[in-house]
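Here the structure is a predicted model, which means the values were calculated and not measured.
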Amino acid sequence: MSIVVEICNFNDERLKNALLGLSRQDMIPGRVLIADGGSPPSYVERMKDFCMHDPEVSKLNIEWKTFPGTPLETREASIDSLAEDITVFLDSDEVPTPAWLRSITAPIAEGKADFTGGPMISEPAESNYITDYYREIENRIYQSDVIVDVNYMPLGNTAWKTTILKRFRFDMRLAKSCGEAEDYDLEMRATDAGFKGKYVSGAAVKHYQSYPKTFFGLLGRRYQYLLGASIVLIKNGRLARRIGEKRARIHHPFGVIEAMLRPVALFHGFVRWHLFPKQ
């Protein structure tokens, strides 16, 4: 089956390491699509030069396309450029482990799944209040959440039958209401339509993400996540099911604060979702 790896990118120097990781796979994709959100011309020129002249990366079949907008808008616009049987999403701040591509696509190629996902292992530069909290979240996602519900897999390390992406696309109403949670929404809609998702523990990527710098930055980012999740749960009629799930507790002081934010985000999400037309 033909495979394309799509990297959603915006002015990110970490893209070089993502491409180096792809070039070192034990199975090379047929195409790498860099879906750029509108980076400055000087950055684009520098990156294209790197892609052409690096001895490892130059072996990849790289196509650079610009789709201006937020990550959600860029991913949605890129769907029309997908032609391969399998589309694999990788973020520009991730570096795949050597057997990643083979592992994440194998269940689809073997007819055992329609979409898959693997763990994103954070590689923080230091340990502090904020990075420790993200580690706790990550541990819960991959040790508990994906076992309860495969729809918890983050989009940045997933593989899909391309026909599913073209059928469902990304719901652009989310761009207006919360600006995120498109992965949660897409996976829910695909599952509800009868498609099978599978978590692949061996398909790991190292995640060199950017963390909030302050407590209030953490507060804002986590609230935005809770708002997006609330809107998607309401949109897909999953709220009752979500409340009934038995999820592992997070043993970090901020977990108490986030628990108090949930009902606020839920009410906010209900109001925001119903303010927008459904067509």
Side-chain angles (χ1 to χ4, degrees), residues 1-10 12 14-37 39 44 47-67 71 74-121 153-166 169-170 183 186-187 190 195 197-208:
M1 302 180 77
S2 55
I3 299 172
V4 59
V5 174
E6 176 176 324
I7 304 177
C8 187
N9 172 73
F10 178 76
D12 193 346
R14 294 168 295 188
L15 175 63
K16 291 181 179 180
N17 289 328
L19 291 171
L20 283 168
L22 273 180
S23 71
R24 296 165 183 169
Q25 293 293 296
D26 61 9
M27 182 178 77
I28 301 298
R31 180 170 65 117
V32 178
L33 171 63
I34 300 175
D36 188 75
S39 299
V44 174
M47 282 297 170
K48 286 184 176 180
D49 183 73
F50 169 77
C51 293
M52 289 178 60
H53 296 103
D54 182 89
E56 294 181 279
V57 174
S58 60
K59 296 182 294 184
L60 297 172
N61 176 23
I62 298 175
E63 183 176 14
W64 189 293
K65 288 197 172 185
T66 301
F67 307 100
T74 297
R75 288 188 176 113
E76 167 60 21
S78 73
I79 290 178
D80 293 330
S81 298
L82 303 176
E84 289 79 0
D85 299 312
I86 299 175
T87 298
V88 187
F89 288 111
L90 182 72
D91 288 342
S92 58
D93 60 357
E94 297 170 351
V95 178
T97 51
W100 166 74
L101 187 60
R102 185 181 301 278
S103 298
I104 202 168
T105 57
I108 300 175
E110 295 167 1
K112 298 177 180 178
D114 300 301
F115 65 96
T116 60
M120 296 162 61
I121 303 170
M153 299 185 299
L155 185 70
N157 184 16
T158 57
W160 297 79
K161 287 183 177 177
T162 303
T163 52
I164 297 177
L165 297 175
K166 289 185 175 290
R169 306 189 72 96
F170 294 105
D183 47 2
L186 176 63
E187 289 166 9
F195 293 102
K198 181 179 177 61
Y199 172 62
V200 184
S201 60
V205 298
K206 295 181 179 181
H207 192 196
Y208 296 86

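A pairwise comparison of heavy atoms in A83 and R31 identifies N-NH2, 3.9 Å as the closest pair. Considering all non-hydrogen atoms of both residues, V200 and S103 come closest at CG1-O, 3.7 Å. Nearest heavy-atom pair across S39 and N9 is OG-ND2, 3.9 Å.
Annotation: side-chain hydrogen bond (donor to acceptor under 3.5 Å, both in side chains) contacts of E76 (sequence neighbours excluded): R169. In this structure S2 satisfies the side chain to side chain contact (heavy atoms under 4.5 Å, CB included) test together with E84, D85, sequence neighbours excluded. For K166, there are no salt bridge (Lys or Arg N to Asp or Glu O under 4.0 Å) partners two or more places apart in sequence or in a different chain. Applying the salt bridge (Lys or Arg N to Asp or Glu O under 4.0 Å) criterion to K65, with sequence neighbours excluded, gives E63. In this structure D91 satisfies the salt bridge (Lys or Arg N to Asp or Glu O under 4.0 Å) test together with R75, sequence neighbours excluded. In this structure, the salt bridge (Lys or Arg N to Asp or Glu O under 4.0 Å) partners of R14, at least two apart in sequence or on a different chain, are D12. Partners of T162 by side-chain hydrogen bond (donor to acceptor under 3.5 Å, both in side chains), not counting sequence neighbours, listed by chain and number: T87. In this view, A113 and P107, T116, K198 satisfy the side chain to side chain contact (heavy atoms under 4.5 Å, CB included) rule, not counting sequence neighbours. T74 pairs by the side chain to side chain contact (heavy atoms under 4.5 Å, CB included) definition with C8, A35, F67, not counting sequence neighbours. The side chain to side chain contact (heavy atoms under 4.5 Å, CB included) search around K161 returns I108, D114, T163, I164, not counting sequence neighbours.
F89 CZ to F115 CZ: the interatomic distance, rounded to the nearest 0.5 Å, is 12.5 Å. Note: T158 OG1 to M153 CE = 7.0 Å, rounded to the nearest 0.5 Å.
A 4.5 Å side-chain heavy-atom check between I3 and M27 finds at least one atom pair inside the cut-off. In this structure, L20 and V95 have side chains that are not in contact, with every pair of non-hydrogen atoms separated by 4.5 Å or more. Side-chain contact between S92 and F10 is absent, with no heavy atoms from C-beta onward closer than 4.5 Å. Within the 4.5 Å cutoff, side-chain heavy atoms of V88 are placed close to those of W100. With a 4.5 Å cut-off on side-chain heavy atoms, V44 and T66 do not count as touching. At a threshold of 4.5 Å between non-hydrogen side-chain atoms, the residues L90 and V32 do not count as touching. The shortest distance between side-chain heavy atoms of T97 and I121 does not fall below 4.5 Å. With contacts defined as side-chain heavy-atom distances shorter than 4.5 Å, the pair L101/P96 does not qualify.
Applying the salt bridge (Lys or Arg N to Asp or Glu O under 4.0 Å) definition to pairs two or more places apart or across chains, those involving residues 49-62 are R24-E56. Applying the salt bridge (Lys or Arg N to Asp or Glu O under 4.0 Å) definition to pairs two or more places apart or across chains, none involves residues 92-101.
A distance-only check finds no donor-acceptor pair linking the side chain of D26 to the backbone of A99 [under 3.5 Å]. Remark: the backbone N or O of G30 is paired with a side-chain donor or acceptor of N61 at under 3.5 angstrom. The main-chain N or O of A203 is found under 3.5 Å from a side-chain atom of N157 such that the two form a donor-acceptor pair.
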